[in-house]
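Down below is the structure, laid out as structure tokens.
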Amino acid sequence: MLINMFISSILEFKYGTWRIMFLWLVSGIGGNIISAMFEDPCQVVTGASGAVFGMAGLFAVDMVTDYDRIQRPILRLIFLSAFLSYFVY
């Protein structure tokens, strides 16, 4: 949840509360639906991982599109790489 708080606070300041809330809900519901499609039918799927990865995806796109205007881009790149490498492995 700390990672989510860090990423969401940066993005919410830039894009606004309503846009981030909409993306959070859509990516969370979509992630759970897609996860449920590939899981065992008798297994319950819950969690906020789809929403967290949605925020990480927006964070990555924001970093790529505004690389020359953001503060501390190398630190952001290291943070995002560490986050994704932890969960991909």
Side-chain angles (χ1 to χ4, degrees):
M1 290 310 281
L2 291 175
I3 292 171
N4 178 41
M5 187 178 73
F6 174 73
I7 291 174
S8 296
S9 64
I10 292 172
L11 295 173
E12 186 177 358
F13 180 73
K14 185 171 184 177
Y15 294 110
T17 303
W18 292 105
R19 288 181 181 170
I20 297 302
M21 185 172 62
F22 177 73
L23 179 69
W24 173 263
L25 289 173
V26 168
S27 61
I29 292 170
N32 282 331
I33 288 173
I34 290 176
S35 178
M37 288 173 28
F38 293 107
E39 292 291 328
D40 184 28
C42 296
Q43 187 174 3
V44 177
V45 179
T46 60
S49 61
V52 172
F53 277 105
M55 291 293 113
L58 179 62
F59 191 73
V61 169
D62 180 50
M63 189 175 64
V64 169
T65 57
D66 293 336
Y67 187 79
D68 37 332
R69 289 183 285 188
I70 60 174
Q71 297 175 354
R72 301 182 300 272
I74 302 300
L75 184 62
R76 273 189 166 190
L77 181 63
I78 291 169
F79 173 75
L80 185 64
S81 299
F83 172 74
L84 292 176
S85 65
Y86 177 75
F87 285 107
V88 169
Y89 179 69

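On a predicted model such as this, the values are computed, not experimentally measured, just so you know. These values consider heavy atoms only, across backbone and side chains, with no hydrogens, waters or symmetry-generated copies. Throughout, residue positions are numbered sequentially from 1 according to the sequence presented.
- Hydrophobic clustering of Ile, Leu, Val, Met, Phe, Trp and Tyr side chains at less than 4.5 Å, counting indirect connections, keeps Leu58 apart from Val26.
- Side-chain heavy atoms closer than 4.5 Å link hydrophobic residues (I, L, V, M, F, W, Y) into clusters, and following such links, even through other members, never connects Val61 to Phe53.
- Note that the CZ atom of Arg19 and the CG atom of Leu11 stand 12.0 Å from one another [nearest 0.5 Å].
- When every heavy atom of Ser27 is checked against every heavy atom of Ala51, the shortest pair comes out as OG-CA, 3.4 Å.
- Note that OH of Tyr15 and CG of Asp62 are 3.5 Å apart. Values are rounded to the nearest 0.5 Å.
- Apart from Phe38 itself, the hydrophobic cluster it occupies contains Ile29, Ile33, Ile34, Met37, where clustering links Ile, Leu, Val, Met, Phe, Trp and Tyr at side-chain heavy-atom distances under 4.5 Å.
- Applying the side chain to side chain donor-acceptor pair (under 3.5 Å) rule to Thr17 yields the partners Glu12; only residues at least two apart in sequence or on another chain are considered.
- Remark: Phe22 pairs with no residue by the ring pair (Phe, Tyr, Trp, His ring centres under 6.0 Å) rule, at least two apart or across chains.
- Here Ile10 pairs with Phe6, Phe59, Arg76 under the side chain to side chain contact (heavy atoms under 4.5 Å, CB included) rule; sequence neighbours left out.
- Screening residues 45-54 for salt bridge (Lys or Arg N to Asp or Glu O under 4.0 Å) gives no qualifying pairs among residues at least two apart or on separate chains.
- Side-chain atoms of Ser85 come within 3.5 Å of backbone atoms of Ala82 as a donor-acceptor pair (strictly under, hydrogens ignored).
- For the atom pair CD1 of Ile20 and CG of Leu25, the computed distance is 11.5 Å after rounding to the nearest 0.5 Å.
- Linking ILVMFWY side-chain heavy atoms closer than 4.5 Å, directly or via other members, places Trp18 and Ile7 in a single hydrophobic cluster.
- By the side chain to side chain donor-acceptor pair (under 3.5 Å) test, Ser8 pairs with Asn4, sequence neighbours left out.
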